[in-house]
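Values reported hereafter were calculated over all heavy atoms of this structure, with side chains retained and with hydrogens, waters and symmetry mates removed.
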Amino acid sequence: MPKKVNWSWTSALVGAASAMAATALISAKPRDPTFHLISIKLTSFKINLSSINADLTLTVHVTNPNIAPIHYSSTTMSIFYDGSFLGSAHVKAGSQPPRSCRVLELPAQLDGVELAHHAGKFFADVARREMALDAKVEISGTAKVLWWENGFKVHVDCHVTVDPIFLDVIDQENNSQLEISVP
């Protein structure tokens, strides 16, 4: 003889609400943003008596996979060649909506005199048409979910291989690490 089950709408609604809350918590877990260098464009090349500078524009694709919009402050990306500081790129302050992608154009300046210190390696890289560059940046800002506003820092380390003649991006490895400030 089958047992009669007591079923109530209240239990069903509590169960559904619990499942929705658990799903919201799982999807709200902060995830690291992603960065992808799309292109490098030479905008100017300046030769003075004491310096050689190259101005570039770095086009970067940024994805915010989180459910919260972010606001970030301006910062500077450091660019390295063969372990030596070669130049920097300026990241302007801004914001990004939740679960969105954005393309940023970062003005950069490279020091040709510093590159000249690595002339042997640079000419070997030009002959191979592969030049390895590293970049590091720390971006600070805030993310707001409902009425809670939390600070964050994203540490980004990039290793990019470019064609030094045509400035094409050949390969890249980007690692980002998100730190949330707990109030």
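Interatomic distance, CD of E179 versus CG of N150, reported as 13.5 Å (0.5 Å rounding). Distance CZ/F85 to OG/S78: 5.0 Å, rounded to 0.5 Å. For the atom pair S140 OG and I70 CD1, the distance stands at 11.5 Å (nearest 0.5 Å). Distance OG1/T63 to NE2/H36: 10.0 Å, rounded to 0.5 Å. Here the straight-line distance linking atom OG1 of T75 with atom NZ of K92 works out to 14.5 Å at 0.5 Å rounding. Rounding to the nearest 0.5 Å gives a distance of 4.0 Å between SG of C101 and NE2 of H61.
Counting only heavy atoms from C-beta outward, the side chains of F45 and I52 approach each other to under 4.5 Å. P69 is not listed as a side-chain neighbour of Q96, based on a closest heavy-atom distance of 4.5 Å or more. Side-chain contact between H90 and S74 is present, with at least one heavy-atom pair separated by less than 4.5 Å. Looking at I38 and E105, their side chains never come closer than 4.5 Å, going by heavy atoms from C-beta outward. Using a 4.5 Å heavy-atom threshold, the side chains of D111 and N53 count as touching. L56 places a side-chain heavy atom less than 4.5 Å from the side chain of L110. Contact check for F80 versus L86: no side-chain heavy atoms found under the 4.5 Å cut-off. No side-chain heavy atom of V160 sits under 4.5 Å from any side-chain heavy atom of D171.
For residues 155-167, the salt bridge (charged side-chain N to carboxylate O under 4.0 Å, His left out) pairs, not counting sequence neighbours, are R129-D163, K136-D157.
With 3.5 Å as the limit, one finds no donor-acceptor pair spanning the side chains of N175 and Q177. A side-chain N or O of S44 and one of D55 form a donor-acceptor pair less than 3.5 Å apart. A donor-acceptor pair shorter than 3.5 Å cannot be found between the side chains of Q172 and H159.
Contact detail for E130 and P164: the closest heavy-atom pair is N-CD, 3.7 Å. The shortest non-hydrogen separation linking N174 to L37 is ND2-N, 4.5 Å. Nearest heavy-atom pair across F35 and S176 is CE1-CB, 4.0 Å.
Counting only distance, with no hydrogens or angles, the side chain of N64 and the backbone of P97 share a donor-acceptor pair below 3.5 Å.
A single hydrophobic cluster is seen to contain both V137 and I180, as judged by linkage of ILVMFWY side chains at heavy-atom distances under 4.5 Å, directly or through other members. Under the 4.5 Å side-chain contact rule for hydrophobic residues, F166 and L42 share a cluster. L167 and I165 fall within a single hydrophobic cluster, where Ile, Leu, Val, Met, Phe, Trp and Tyr are joined by side-chain heavy atoms under 4.5 Å apart, directly or via other members. Residues I79 and L104 fall within the same hydrophobic cluster, defined by Ile, Leu, Val, Met, Phe, Trp and Tyr side chains chained together at heavy-atom separations under 4.5 Å.
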Listing, residues 116-126 side-chain donor-acceptor contacts under 3.5 Å, not counting sequence neighbours, or none:
unit_1	atom_1	unit_2	atom_2	d
H117	ND1	V113	O	2.8
H118	ND1	D82	OD2	3.2
H118	NE2	S84	OG	3.0
H118	NE2	E114	OE2	3.4
D125	OD1	R128	NH2	3.0
D125	OD2	Y81	OH	2.5

